[in-house]
Amino acid sequence: MRKPLADLAGDRQLEQIERRLFLRNGLSLGALALLTGCDITNKEPIYQTLLAMSRWNDRVQAWLFNPHRLAPTFSESEISQPRFNGFYEPDKAPRVDPATYRLELSGLIDDKRPWTVDQLYALPQQSQITRHVCIEGWSFIGKWTGTPLRSFLERVGADVTAKYVGFKCADGYYGSLDMPSALHPQTLVSVKFDDEILPTQFGFPMRLRVPTKLGFKSPKHVVAMFVTNTYPSGYWEDRGYNWFSGS
Ligand SMILES: Nc1nc2c(c(=O)[nH]1)N[C@H]1C(S)=C(S)[C@@H](COP(=O)(O)O)O[C@H]1N2
Ligand SMILES: [Mo]
């Protein structure tokens, strides 16, 4: 079989381009994931490019995958204008009542008692300033505060040898993470944005923040969390996006 063009370009050269693009601009990861969603069926020259891109995406992900590798962090002065995204207009973001809100736990978790907003706020918190990258091709740098998902999972006695952590949201959105990503030190159960209680549009009362992955992997308005060995998929994954989508 003939080698694809990407191989002819030489692995080293490709690796350098990969590295440069990724380091220069987190958007390349989103752009790549988007490209790989394309149905490559014809033999146009673009086919070779897309094929290379698709291999490239997998390779970037494999290269990036390291449970100890940290997403870049930034300083307060680098914080930029936030941007809303959802599968609806911003004014349709769900209004969760903090008085009746409960985070429901299920699956491979010992202590399944639901959590109130106040209980979530009482958890030890840490802040991080990271870049949020949407697959649509935009990003911003923001500050999120909360407790590491790892500590939360340990506290409720989750089986951290299980494969997945799944999330259900107040707006019907849903998503999931592989356990190593869930246990990554920067994966936060976030209750604040920009030092304030999470605004409605940005996920009140609790959202995940997963800076090692594309934005759609960070569910907002989380109302249920479960640990499972059965692949839970996600809203955008069911519409063709790559599940791993990050490092
Ligand atoms: N509940 C819920 N979570 C969601 C979404 C959504 O539509 N509903 N959109 C995802 C996508 S595609 C992105 S880019 C981010 C947007 O988060 P932001 O509004 O804080 O920028 O949330 C993700 N989490
Ligand atoms: Mo997104």
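Fair warning: this is a prediction, and the values are worked out from it, not measured in the lab. Residue numbers start at 1 and run along the sequence shown.
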**Residues forming a side-chain contact (heavy atoms from CB on, under 4.5 Å) with Gln125, sequence neighbours excluded** = Thr145, Val191, Lys192
**No-hydrogen, no-angle side-chain donor-acceptor test under 3.5 Å, Arg155 and Thr147** = no
**Request:** Could I get the full list of ring-ring contact (aromatic ring centres under 6.0 Å, His included) partners for Phe167, not counting sequence neighbours?
**Result:** none
**Message:** Applying side-chain contact (heavy atoms from CB on, under 4.5 Å), can you list everything that pairs with Thr228, at least two apart in sequence or on another chain?
**Reply:** Tyr164, Phe226, Thr230, Pro232
**Heavy-atom check, side chain of His184 versus side chain of Leu177, under 4.5 Å** = no
**Request:** Indicate whether the side chain of Glu78 and that of Ser75 have a donor and an acceptor atom separated by less than 3.5 Å.
**Result:** yes
**Prompt:** Do Pro72 and Phe74 have side chains that get closer than 4.5 Å, going by heavy atoms?
**Reply:** yes
**Fill in**
Minimal heavy-atom distance between Phe84 and Glu89, with the atoms involved, is CE2-C, 4.0 Å
Report, one line per pair, each donor and acceptor closer than 3.5 Å where one atom sits in a side chain of residues 92-108; sequence neighbours left out.
from, atom 1, to, atom 2, distance (Å)
Asp97, OD1, Ala99, N, 2.9
Thr100, OG1, Asp97, O, 3.4
Tyr101, OH, Val222, O, 2.6

**Request:** Would you name the heavy atoms of Asn85 and Cys134 that are closest together and state the gap between them?
**Result:** ND2-SG, 3.4 Å
Distance-only criterion, 3.5 Å: show the donor-acceptor pairs between side-chain atoms of residues 114-122 and protein atoms not counting sequence neighbours.
from, atom 1, to, atom 2, distance (Å)
Thr116, OG1, Gln119, N, 3.1
Thr116, OG1, Gln119, OE1, 3.4
Gln119, OE1, Thr116, N, 2.9

**Message:** Which label fits Phe193 and Phe140: parallel for a plane angle under 30°, tilted from 30 to 60°, or perpendicular past 60°?
**Reply:** perpendicular
**Item:** Ser218 side chain reached by Arg207 side chain, heavy atoms, under 4.5 Å
**Value:** yes
**Request:** Over all heavy atoms of both residues, which pair between Val227 and Ala158 is shortest? Give the atoms and the distance, please.
**Result:** CG2-CB, 4.0 Å
**Request:** Could you tell me whether the side chain of Lys217 reaches within less than 4.5 Å of the side chain of Trp236, counting heavy atoms only?
**Result:** no
**Asked** Which one of Val165, Val156, Ile109 satisfies the side-chain contact (heavy atoms from CB on, under 4.5 Å) criterion with Met225?
**Response** Val165
**Message:** Restricting to ring-ring contact (aromatic ring centres under 6.0 Å, His included), what partner residues turn up for Tyr235, sequence neighbours left out?
**Reply:** Phe87, Tyr173
